[in-house]
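The sequence lines fix the lettering, A, B, ..., with proteins before strands; numbering per chain opens at 1. Below, each value reflects all heavy atoms present in this structure, side chains not excepted, and no hydrogens, waters or symmetry copies.
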Number of protein chains: 4
Amino acid sequence: MGKNKRPQRIGILTAGGDCPGINAAIRGIGKTAIVKYGMEVIGISDGFLGLINKEYLTLTESSLSGILTLGGTILGTSREKPFKNSKNKKEISKPALMIEHYEQLGLDCLVCIGGNGTLKTAHLLSQAGLNIVGIPKTIDNDVWGTDVTFGFDSAVNIATEAIDRLHSTANSHKRIMVIELMGHNAGWLALFSGVAGGGDVILIPEIPYDEDVIKEYLLKRAHENKPYSIVVVAEGIKIPSKEKSSGNYIARKINELTGLETRVTVLGYIQRGGSPSPMDRILASKFGATAANMIASRDFGKMVAQKNGEITSVPLSEVAGKTRLVEQNNDLVVRSREMGTCFGI
Amino acid sequence: MGKNKRPQRIGILTAGGDCPGINAAIRGIGKTAIVKYGMEVIGISDGFLGLINKEYLTLTESSLSGILTLGGTILGTSREKPFKNSKNKKEISKPALMIEHYEQLGLDCLVCIGGNGTLKTAHLLSQAGLNIVGIPKTIDNDVWGTDVTFGFDSAVNIATEAIDRLHSTANSHKRIMVIELMGHNAGWLALFSGVAGGGDVILIPEIPYDEDVIKEYLLKRAHENKPYSIVVVAEGIKIPSKEKSSGNYIARKINELTGLETRVTVLGYIQRGGSPSPMDRILASKFGATAANMIASRDFGKMVAQKNGEITSVPLSEVAGKTRLVEQNNDLVVRSREMGTCFGI
Amino acid sequence: MGKNKRPQRIGILTAGGDCPGINAAIRGIGKTAIVKYGMEVIGISDGFLGLINKEYLTLTESSLSGILTLGGTILGTSREKPFKNSKNKKEISKPALMIEHYEQLGLDCLVCIGGNGTLKTAHLLSQAGLNIVGIPKTIDNDVWGTDVTFGFDSAVNIATEAIDRLHSTANSHKRIMVIELMGHNAGWLALFSGVAGGGDVILIPEIPYDEDVIKEYLLKRAHENKPYSIVVVAEGIKIPSKEKSSGNYIARKINELTGLETRVTVLGYIQRGGSPSPMDRILASKFGATAANMIASRDFGKMVAQKNGEITSVPLSEVAGKTRLVEQNNDLVVRSREMGTCFGI
Amino acid sequence: MGKNKRPQRIGILTAGGDCPGINAAIRGIGKTAIVKYGMEVIGISDGFLGLINKEYLTLTESSLSGILTLGGTILGTSREKPFKNSKNKKEISKPALMIEHYEQLGLDCLVCIGGNGTLKTAHLLSQAGLNIVGIPKTIDNDVWGTDVTFGFDSAVNIATEAIDRLHSTANSHKRIMVIELMGHNAGWLALFSGVAGGGDVILIPEIPYDEDVIKEYLLKRAHENKPYSIVVVAEGIKIPSKEKSSGNYIARKINELTGLETRVTVLGYIQRGGSPSPMDRILASKFGATAANMIASRDFGKMVAQKNGEITSVPLSEVAGKTRLVEQNNDLVVRSREMGTCFGI
């Protein structure tokens with residue numbers, strides 16, 4: 001393959017946990033690559049597993065039609081981490097297989113759509129010599145180098161709607177309702193949904209909490225005749241090692257400390273499913289189209305990103321292995337605290 | 001108080017778990033009582049607790065305005081069961097207090113809005129000589145004597161939307177997704193949501209399940225290259241006594257028996273919250289208005305009901321202490337089985 | 001073909017305006033026919049037009065998978081009325097062509113899914129000797145012989161959500177908001193959505209309205225400091241012949257008569273689109289499965305129906321050419337009037 | 001009043017068209033002002049009209065509770081433009097009255113929440129010597145000086161959901177569906193919703209359209225067997241002066257030029273109503289809290305804004321009288337065009 005020729009054939013894979021907007025991104029890459037650049041586009045099945053096993057399908061304009069609004073990923077995904085334990089006794093390692101298949105498929109570039117784990121693998125493939133473009137996607141919003149990932153807005157919508165629903169039950173029963181939201185080690189989803197849902201207490205991994213502060217805050221509300229409280233808890237907050245669920249732990253602890261009737265909801269997988277929100281469809285489409293443009297200008301080894309409201313790109317080497325957490329002086333944390341929200345501290 | 005005079009002053013209370021549509025029912029009673037009959041209406045706070053403690057507020061036409069679409073109950077609710085442990089050492093028992101306060105408040109009738117527990121208490125109060133009208137409400141749809149309760153349609157909407165969301169994740173990851181829904185000892189919510197959401201396996205308390213049947217069914221689907229399966233589980237199905245969650249148990253069991261990757265979601269309290277569905281608003285309004293008409297014609301000791309599509313009423317004595325379960329030859333079960341759905345048997 | 005043998009090959013067509021739930025019905029017929037009875041199933045394209053032109057596709061279990069939640073119809077539809085103007089100069093009339101193609105396709109039965117127009121044509125085909133089963137579908141809920149049609153519940157949800165949205169604008173601006181809803185000559189959609197959405201005035205074709213009554217009612221509300229009013233208008237109410245839109249007419253008239261600021265929304269096609277509601281998915285699935293059972297027992301010339309909460313069937317001859325309207329003493333009308341709603345009379 | 005003392009008493013008014021998020025902004029200002037700064041807060045009724053007529057109410061922490069999720073504005077609004085025709089024959093002009101009442105109420109600052117018209121008036125009041133802070137709100141997203149206004153995200157959600165619904169009907173009937181969206185002279189809402197909803201043709205005021213281009217594009221789609229097309233039209237596009245609705249005009253024109261069956265929906269007021277989206281609640285809360293902080297530091301004569309993802313402020317003098325339109329080289333326009341969307345040119 002000539003190093004400087006216009007790419008003619010590209011592959012797309014989606015890896016890690018699914019989230020709303022992936023199909024919109026696939027469509028964005030594919031439509032731009034086909035309509036604007038006349039490239040051939042193939043979809044690799046089930047993340048890196050499909051490249052290891054050489055399983056794929058051809059994507060045409062018509063196979064991209066109607067997927068803009070579809071949740072999940074039409075390519076399938078997997079949690080396969082090919083560079084982990086890859087130095088095994090097999091004759092040929094997974095990374096070597098992937099490179100071999102990339103060549104056999106005649107790819108000029110591979111677009112990797114995924115979260116932190118995926119982008120780390122994408123960087124290693126880039127270092128191994130493949131032409132790679134990364135696209136960040138996750139409901140956790142924790143990818144370094146971009147202000148936002150698609151999937152996040154949809155998840156905030158779902159989680160906020162759930163919190164909205166808890167208000168009526170909390171109010172009718174004068175209870176404390178605790179809800180545990182996803183987000184891994186980052187508090188973005190709990191922070192945004194918690195503020196949008198009018199959470200009284202919001203606990204996120206980035207801000208260590210003091211159980212006595214929470215206790216005093218909730219008892220003060222009860223004494224002021226505020227009949228109920230909503231407590232939003234990120235799954236990743238620090239809890240005793242023997243505990244399994246941050247929501248269950250906090251709910252039990254609150255009940256013990258305050259004596260107030262407390263119930264817990266662990267929202268679970270519905271936070272990741274369903275049709276993407278309009279803004280996620282737009283962001284994913286822009287990310288996808290931008291990736292196609294980067295490929296056309298041979299701008300490899302980078303991840304598409306949004307910074308300060310502008311679409312841009314960052315080197316994968318800067319992104320790989322990092323996690324973007326909520327800063328201590330995050331604007332939304334500061335504003336909410338001024339309005340009376342308790343962050344457990 | 002003359003036994004046959006037109007009722008002039010009525011009370012309303014809401015007891016047991018909250019559900020969407022209670023406020024629409026309160027509005028239906030109140031507006032009809034005030035506009036059509038010129039009655040006075042008071043709202044008792046927090047279920048039977050409010051009658052025990054004589055806590056109440058006056059409901060006017062303007063205080064009923066805008067509550068049609070509101071979730072929960074503006075009157076508050078509680079789980080207080082006044083006839084249980086009522087023979088205590090106190091000078092005066094809870095039932096006696098309730099009767100005393102009913103008289104002091106000058107009530108000609110008390111409308112009790114609630115589920116099976118509430119209607120049982122309502123019957124006991126009726127037997128004790130109070131003028132009572134019951135209105136069935138519950139997301140569980142398990143009140144004897146009525147084909148449907150308000151709250152159910154809203155809960156089916158929420159649960160089905162959750163199942164819809166699981167499809168995309170299940171498909172992307174080729175997983176079995178188990179979802180546990182509410183319903184107490186009845187399977188109505190799991191049955192309706194399971195069918196509406198395209199559940200492959202639906203387990204309800206009324207139909208004993210055989211784990212081997214489920215195993216074979218899921219493995220057959222996997223072998224036929226159906227990439228994923230959705231398993232809908234009612235909270236009330238029989239599980240080993242040491243287990244706490246039917247969803248968690250079934251998910252673990254499926255994984256053990258089939259080796260297929262399985263995830264579980266316990267949907268929880270959001271099934272009870274939020275604005276009622278249009279059909280629940282209509283049903284609750286009709287139930288409420290009918291209750292007011294029954295009061296005006298001194299038709300006491302009964303519960304408003306819907307049978308064969310018509311609004312009617314049944315004696316509380318027929319309702320109290322019973323639960324309406326899914327029949328073995330339920331039309332929806334039979335039809336779904338013919339279409340290939342597995343009920344674990 | 002033997003007259004009494006078990007049907008082996010059936011066709012399905014969908015005609016008239018689309019509505020949510022059609023695909024669920026197709027799936028219900030197809031899955032039951034294939035799984036339970038081992039029949040072959042073909043889908044005729046674009047309503048009766050596809051039978052005239054012999055355009056069709058084979059439906060397998062896998063082509064029925066995933067369509068439960070899909071709006072519209074995977075078979076396409078058309079407004080073709082083959083018996084109208086069929087006595088033309090062509091060598092062969094449309095009905096004759098349809099019968100010829102029915103025979104050529106080796107069909108043992110044709111399932112016609114549609115509203116009043118479709119069911120009339122279905123009846124004529126039945127009279128012409130074809131084995132026909134009809135399934136009622138329409139957002140208008142106006143098919144004679146059934147208490148409810150699928151599509152209606154979904155449309156009520158959409159229309160009610162729209163009315164809910166108007167409340168906040170009406171309240172903020174102290175305006176009268178008029179909304180025109182679909183329904184052809186029937187008022188079901190306006191009645192149900194109007195009640196569920198808390199409409200102050202509800203105008204339907206079945207109840208003649210007096211403009212002075214509306215004027216007095218709205219002025220009384222304004223004088224009582226009720227800051228705004230919602231007026232729900234069915235498209236089919238009687239308006240002067242030169243007027244095009246009932247909503248526009250009523251809004252202009254109200255403004256002229258009361259001097260109150262008035263705005264109008266004509267909700268339009270969104271009432272027919274999108275994923276069916278859970279209850280519509282269930283009803284359509286049951287209707288479809290029942291149709292397959294009727295075919296298996298050669299129970300032809302009938303339409304599937306729901307009466308008094310039970311699935312049943314009625315002869316097409318009883319259904320054809322009739323429209324089910326809101327009765328003058330309809331329970332919901334009476335109850336709403338008692339609660340203070342104005343029906344313009 | 002001392003010029004440099006810490007403000008102690010502030011007023012809030014909301015003017016112009018209502019939109020989702022106004023109450024969240026009121027809550028944001030009020031909670032921060034009360035909790036953090038101990039200020040008194042009053043709400044002026046019905047926009048500038050309330051200041052002219054000295055109609056207002058006191059806002060306490062408890063009156064701000066529960067309004068985060070509420071659509072519309074609890075303060076009411078009006079289209080009153082007090083500086084227009086203010087030089088009348090009355091003894092005292094409207095602006096003079098407003099200034100007099102501002103003084104009488106003992107206000108240290110007036111927060112004006114509104115769109116372009118409101119912010120223009122706010123600037124004139126600022127020039128007249130009042131302490132003013134402006135907050136931009138509108139579903140049109142057309143306020144100069146800020147990258148985004150609250151209300152916009154909610155409107156995009158509603159409009160996109162409507163377009164989603166049209167797809168199923170368009171597909172079932174093989175029609176062209178035209179939808180007219182709001183936005184005044186700006187195309188933001190049509191652009192974002194059009195892209196998110198997968199619109200094939202998007203017409204906005206900022207990009208002049210050529211009817212022949214649209215015709216060719218739609219006919220090409222029809223010839224390529226794409227069975228239907230969605231056309232999204234901003235209300236503000238240029239149409240012949242005798243035409244009233246851009247959607248109706250374009251639909252008729254497309255039908256004339258292509259002969260393809262075409263239907264139109266004018267979405268109307270539902271775009272402005274209902275509960276704000278989570279992101280609008282967050283943005284409005286941040287804008288509100290920031291306004292309170294600006295007041296505390298006597299940073300008057302400015303409008304709160306978001307630029308490049310950061311909350312900031314701009315002088316009202318820069319904002320007043322300008323409109324923010326979609327730039328010709330807008331990123332989303334360019335990307336969408338590359339993916340094949342037609343902008344009529």
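The candidate from D:A289, D:P276, D:A159 with the greatest count of non-hydrogen atom pairs under 4.5 Å with chain A is D:A289. In terms of heavy-atom pairs under 4.5 angstrom with chain D, the leader among A:G288, A:A196, A:G197 is A:A196.
Scanning both residues, D:P278 and A:V156, for their nearest heavy atoms gives CB-CG1, 3.7 Å. Across A:L68 and D:V195, no two heavy atoms sit closer than the pair CD2-O, 3.6 Å.
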Less than 3.5 Å apart and able to act as donor and acceptor by atom type: which atom pairs between chain D and chain A qualify?
from   : atom 1 : to     : atom 2 : distance (Å)
D:K36  : NZ     : A:E338 : OE2    : 2.7
D:D164 : OD1    : A:R281 : NH1    : 3.0
D:D164 : OD2    : A:R281 : NH1    : 3.3
D:D164 : OD2    : A:R281 : NH2    : 2.8
D:A196 : O      : A:R281 : NH1    : 2.8
D:R281 : NH1    : A:D164 : OD1    : 3.0
D:R281 : NH1    : A:D164 : OD2    : 3.3
D:R281 : NH1    : A:A196 : O      : 2.8
D:R281 : NH2    : A:D164 : OD2    : 2.8
D:N293 : ND2    : A:E338 : OE1    : 3.0
D:E338 : OE1    : A:N293 : ND2    : 3.0
D:E338 : OE2    : A:K36  : NZ     : 2.7

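Using a 4.5 Å cut-off between heavy atoms, D:F287 makes no contact with chain A at all. For D:M339, the parts lying under 4.5 angstrom from a heavy atom of chain A are both the backbone and the side chain.
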